[in-house]
A.B. asks: 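Below you'll find the structure I mean.
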Number of protein chains: 2
Amino acid sequence: MHFTELIKTIKDRREALQVTQEGLAAISGVGLRTLKQFESGKGNPTLLTLQKISEVLGMELCLKIKNISPTK
Amino acid sequence: MHFTELIKTIKDRREALQVTQEGLAAISGVGLRTLKQFESGKGNPTLLTLQKISEVLGMELCLKIKNISPTK
DNA sequence: TGAAATAATGCTTTATAATGCACTTTACAG
DNA sequence: CTGTAAAGTGCATTATAAAGCATTATTTCA
């Protein structure tokens with residue numbers, strides 16, 4: 001999953017849950033500035049930041065072996 | 001996927017491919033010190049670092065909605 | 001429209017990730 | 001054992017993530 005997709009996934013999820021950036025920042029413990037920077041595609045969040053955000057959005061990070069050309 | 005699992009996944013994968021930390025550092029472009037720190041559970045890598053490592057290990061990060069108590 | 005809410009951005013400070021180098025510790029083959 | 005390779009650690013430097021605040025831009029809706 002590419003950087004951009006990751007951002008989109010989080011942003012979409014946040015919006016689906018009807019939470020504002022401000023709200024998400026508050027409940028996740030991530031600074032609002034950091035969140036904004038992330039969602040607007042700037043910056044390079046740390047794993048911790050990603051986890052905090054994912055957590056409160058009911059999502060989780062995973063790491064799996066790429067399928068090598070599965071009739072893609 | 002928790003921090004610890006993530007580390008283990010990467011470490012296992014690296015070993016399965018019989019690559020040393022030094023080798024992985026070289027091909028991924030991530031500094032050896034950074035890699036060591038990461039694999040030994042210290043530190044909080046950035047998304048970029050994670051992606052670089054995953055990439056050369058033939059893995060990918062993904063983010064998905066957690067299953068709410070699926071007869072876990 | 002225009003006002004209110006939400007999101008984006010510039011500037012700044014502080015904390016820490018990324019890195020290299022040298023050294024220590026572990027693991028393992030012989 | 002002992003030498004060698006791989007992994008871990010201390011120290012120092014540089015780059016940058018995290019954060020807050022103030023301001024500007026966008027979106028939304030009555």
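All values below come from the heavy atoms of this structure, side chains included, with hydrogens, waters and symmetry mates left out.
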A.B. asks: To the nearest angstrom, how far is A/L50 atom CG from D/dA17 atom C1'?
C.D. replies: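 Whole-Å distance recorded here is 12 Å.
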A.B. asks: Under 4.0 angstrom, heavy atoms only, what part of the nucleic acid is A/G29 near: base, sugar-phosphate, or nothing?
C.D. replies: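 Result for A/G29 = sugar-phosphate.
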A.B. asks: Measure from the side-chain heavy atoms of B/T46 and tell me the nearest of D/dA17, C/dT19, D/dG8.
C.D. replies: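 In terms of side-chain proximity for B/T46, the closest of D/dA17, C/dT19, D/dG8 is D/dA17.
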A.B. asks: If you pin A/L48 and B/E15 to their nearest nucleotides in DNA chain D, which one's is more 5'?
C.D. replies: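 So the residue in question is B/E15.
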A.B. asks: Could you check how far CD of A/E22 sits from P of D/dT26, rounded to whole Å?
C.D. replies: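 In whole Å, D/dT26 P lies 19 Å from A/E22 CD.
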A.B. asks: Expressed in angstrom and rounded to an integer, what is the separation of B/K36 atom NZ from C/dA18 atom P?
C.D. replies: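 Rounded to whole Å, this separation is 16 Å.
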A.B. asks: Which of the following nucleotides, C/dA17, D/dG8, C/dA8, is nearest to the side chain of B/Q21?
C.D. replies: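 Output: D/dG8.
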A.B. asks: Quick one: which of B/T49, B/T46, B/N44 gives a side-chain hydrogen bond (donor to acceptor under 3.5 Å, both in side chains) with A/T46?
C.D. replies: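 Checked B/T49, B/T46, B/N44 against A/T46; only one passes side-chain hydrogen bond (donor to acceptor under 3.5 Å, both in side chains): B/N44.
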A.B. asks: With the side chain of B/V30 defined as its heavy atoms from C-beta on, choose the nearest nucleotide among C/dA17, C/dT19, D/dA19.
C.D. replies: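 My answer, after comparing the listed nucleotides, is C/dT19.
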A.B. asks: Among C/dA17, D/dA18, C/dT9, which nucleotide has an atom closest to any side-chain atom of A/S40?
C.D. replies: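 Shortest atom-to-atom distance from the side chain points to C/dT9.
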A.B. asks: Looking only at heavy atoms, which two atoms of A/K64 and B/C62 are closest? And how far apart?
C.D. replies: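 For A/K64 versus B/C62, the nearest heavy atoms are CE-SG, 3.8 Å.
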A.B. asks: Before accepting this row, confirm whether a basic side-chain N of the pair A/K66/B/E55 lies closer than 4.0 Å to the acidic partner's carboxylate O.
C.D. replies: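 Judged by the 4.0 Å cut-off on N to carboxylate O distance, A/K66 and B/E55 do form a salt bridge.
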A.B. asks: What is the distance, to the nearest angstrom, from the NZ atom on B/K11 to the P atom on C/dA27?
C.D. replies: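 After rounding, the reported distance stands at 10 Å.
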A.B. asks: When we call it a touch if two heavy atoms are under 4.0 Å apart, what does A/Q37 touch: a base, just sugar-phosphate, or nothing?
C.D. replies: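 The residue A/Q37 makes no contact with any strand.
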A.B. asks: Quick one: OG1 on A/T20 to CZ on A/R14, what's the gap to the nearest 0.5 Å?
C.D. replies: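 The distance works out to 7.0 Å.
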A.B. asks: Need one value for B/T34: base, sugar-phosphate or nothing, where a base atom within 4.0 Å counts as base even if backbone is also close, heavy atoms only.
C.D. replies: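 Touches a base.
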A.B. asks: If you assign B/R33 and A/L47 each to the DNA chain D nucleotide with the nearest heavy atom, which residue ends up on the more 5' nucleotide?
C.D. replies: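 Counting from the 5' end, the first nearest nucleotide belongs to B/R33.
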